[in-house]
2 protein chains.
Amino acid sequence: MDHAKSAQTKALVLETALAMFRSKGFAKTTMRAIATEAGVSLGSAYYYFASKDELVLELYRESVAEQRVRATTALVGTTGLSDRLKAAVHSGLDALGPYHHFGGAFIASALPPQSAVNPFGEASRQARGDAVAIFEEVIDGTKVPAFLRPQLPELLWLAYMGVVLFWVYDRSGDQRRTRMLIDGAAPLIAKLVSISRLPVVRPLVEEALALKARVQA
Amino acid sequence: MDHAKSAQTKALVLETALAMFRSKGFAKTTMRAIATEAGVSLGSAYYYFASKDELVLELYRESVAEQRVRATTALVGTTGLSDRLKAAVHSGLDALGPYHHFGGAFIASALPPQSAVNPFGEASRQARGDAVAIFEEVIDGTKVPAFLRPQLPELLWLAYMGVVLFWVYDRSGDQRRTRMLIDGAAPLIAKLVSISRLPVVRPLVEEALALKARVQA
DNA sequence: GATATTATTTGAACACGTTCAAAAAGCGTG
DNA sequence: CACGCTTTTTGAACGTGTTCAAATAATATC
């Protein structure tokens, strides 16, 4: 069932795959090449990973874990919503960094609703929860209006997904423009949160939250 | 070069493909099946369309044209930003309606940056311009603060892309939830536009516009 | 230790999107 | 009509992700 040898082989295939993804890109890394490089047969690779996409799901999981580690460190001693947001989001992109050049392929296999890798879907529930938890950590210890607090982490995660999408398209060196976007958007979001209790703004925000709840699931 | 016969064959292949996409879905419609159904050889289909994705690009173009027709009609006699927004966006989804069940595949081939079908890319510049123009038509004759007006159509188009993404994931009957989202979000956006001149909000909006400009291209 | 059961491995085979060299058809020019 | 040139058509071939029945190895049961 769950022998040590088996787990070891699975890990070997996965690590070989991720290494090849990084060095050759996603499209150019064939399942046959992964199998050969890992010293197993093609069928064996498929015994452990039902599809090439499933390898991407592992990549997603690993990157979230990596983001979490980086974010936790970066958040220590960082105060204020704006800076804490920056820390979390920059951490995410740092973790994804090595995979930028096949971001397109990543999106192609990740976004289709029926895909196992779809970040909104069932299979990635855990990873998504972990990612949202990072934003819970971000707002912990910051001043956020109570009516906004429960929904905020998920909204921030959603915005983060948007940033990742932007990042995938970003062809500037070192994805400089995405970094600019983050540094510009973080204070804006912090400001928006802070004015959200004002009488002119609050009804709008509350209506938006209600809409989100109404439309969900 | 551009013989009538040739154009006719091309149109035949395209229409056969779109019809099969609608009836069987994208993934299950193979290039071989399209060719057979259209009565041409596989190589001929590829002579006219360099890839399966290119057929999707045509679909995108057609759907934008269709949206434009529907929106223009729906906008006649419709006043107020909120209602005009609803008209335009509902028109878009009406046009896309028959293709909902392969929205996932659509996204998979549309979003990768290197894809010919990518709505942000070069190949779809024209179709994108047409789509943005619809939102120009939407705000024509509505009250929009001058500092916001030039950028607004593109922002609305971007939001519309978000709605389409939501729609692709929407598994409720007749995509009811997406319709709710539109009807809920349109008045919110209209409200946001109207309060954007207020002293507390305006600096935030201006800063966001500046960020958009800074980060673009 | 022998045998049955389960887990793992294998590589051939399938269908697909795509490419390509060669054939066929269409066209203009003398 | 005959000749060259371009446009169009063809189907075999390639490499891909994926499936699967059969073979092998590992483990459990007696």
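Keep in mind it's a predicted model, so treat the numbers as computed, not measured. Chain letters run A, B, ... following the sequence lines, proteins first and then strands; every chain starts at 1.
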*Asks:* Could you identify which residues of residues 39-46 of chain B place a heavy atom less than 4.0 Å from some atom of DNA chain C, listed by residue number, or say none?
*Replies:* Leu42(B), Tyr46(B)

*Asks:* By ring-ring contact (aromatic ring centres under 6.0 Å, His included), which residues pair with Phe135(B), not counting sequence neighbours?
*Replies:* Tyr160(B)

*Asks:* Considering only distance and modelled atom types, tabulate donor-acceptor pairs under 3.5 Å from the side chains of residues 34-49 of chain A, sequence neighbours left out.
*Replies:*
residue	atom	partner	partner atom	Å
Thr36(A)	OG1	Arg32(A)	O	2.9
Ser41(A)	OG	Ser44(A)	N	3.2
Tyr48(A)	OH	Ser6(A)	OG	3.4

*Asks:* Please enumerate all residues that pass ring-ring contact (aromatic ring centres under 6.0 Å, His included) together with Tyr169(B), with sequence neighbours excluded.
*Replies:* Phe120(A)

*Asks:* Would you say Tyr47(B) reaches dT9(D)'s phosphate, i.e. side-chain N/O to OP1/OP2 under 4.0 Å?
*Replies:* no

*Asks:* Taking only residues two or more places apart in sequence or in another chain, which ones pass side chain to side chain contact (heavy atoms under 4.5 Å, CB included) with Ala131(A)?
*Replies:* Val64(A), Trp157(A)

*Asks:* Go through the structure and list residues passing side chain to side chain contact (heavy atoms under 4.5 Å, CB included) with Arg68(A), not counting sequence neighbours.
*Replies:* Thr72(A), Asp130(A), Ala133(A), Ile134(A)

*Asks:* Go through dT8(D), dT16(D), dT18(C) for me and flag the one nearest to the Ser6(B) side chain.
*Replies:* dT8(D)

*Asks:* Would the distance check show the side chain of Ser124(B) and the main-chain N or O of Ala127(B) forming a donor-acceptor pair, the cut-off being under 3.5 Å?
*Replies:* no

*Asks:* Holding to ring-ring contact (aromatic ring centres under 6.0 Å, His included), I want the full list of residues that pass it with His90(B), two or more places apart in sequence or in another chain.
*Replies:* none

*Asks:* For DNA chain D, which residues of residues 49-61 of chain B approach it to below 4.0 angstrom with any heavy atom?
*Replies:* none

*Asks:* For Thr78(A), give me all partners under side chain to side chain contact (heavy atoms under 4.5 Å, CB included), at least two apart in sequence or on another chain.
*Replies:* Asp83(A), Arg84(A)

*Asks:* Applying side-chain hydrogen bond (donor to acceptor under 3.5 Å, both in side chains), name anything that partners Gln151(A), two or more places apart in sequence or on another chain.
*Replies:* Lys212(A)

*Asks:* Expressed as a whole number of angstroms, how long is the span from Arg32(A):CZ to dC14(C):P?
*Replies:* 14 Å

*Asks:* When you measure from every atom of DNA chain D, which of residues 10-24 of chain A have a heavy atom less than 4.0 Å away?
*Replies:* none

*Asks:* For the pair made of CD1 in Ile34(B) and C1' in dA15(C), what is the distance, rounded to whole Å?
*Replies:* 15 Å

*Asks:* Can you list the residues that meet the side chain to side chain contact (heavy atoms under 4.5 Å, CB included) rule with Ser51(A), with sequence neighbours excluded?
*Replies:* Asp53(A), Glu54(A)

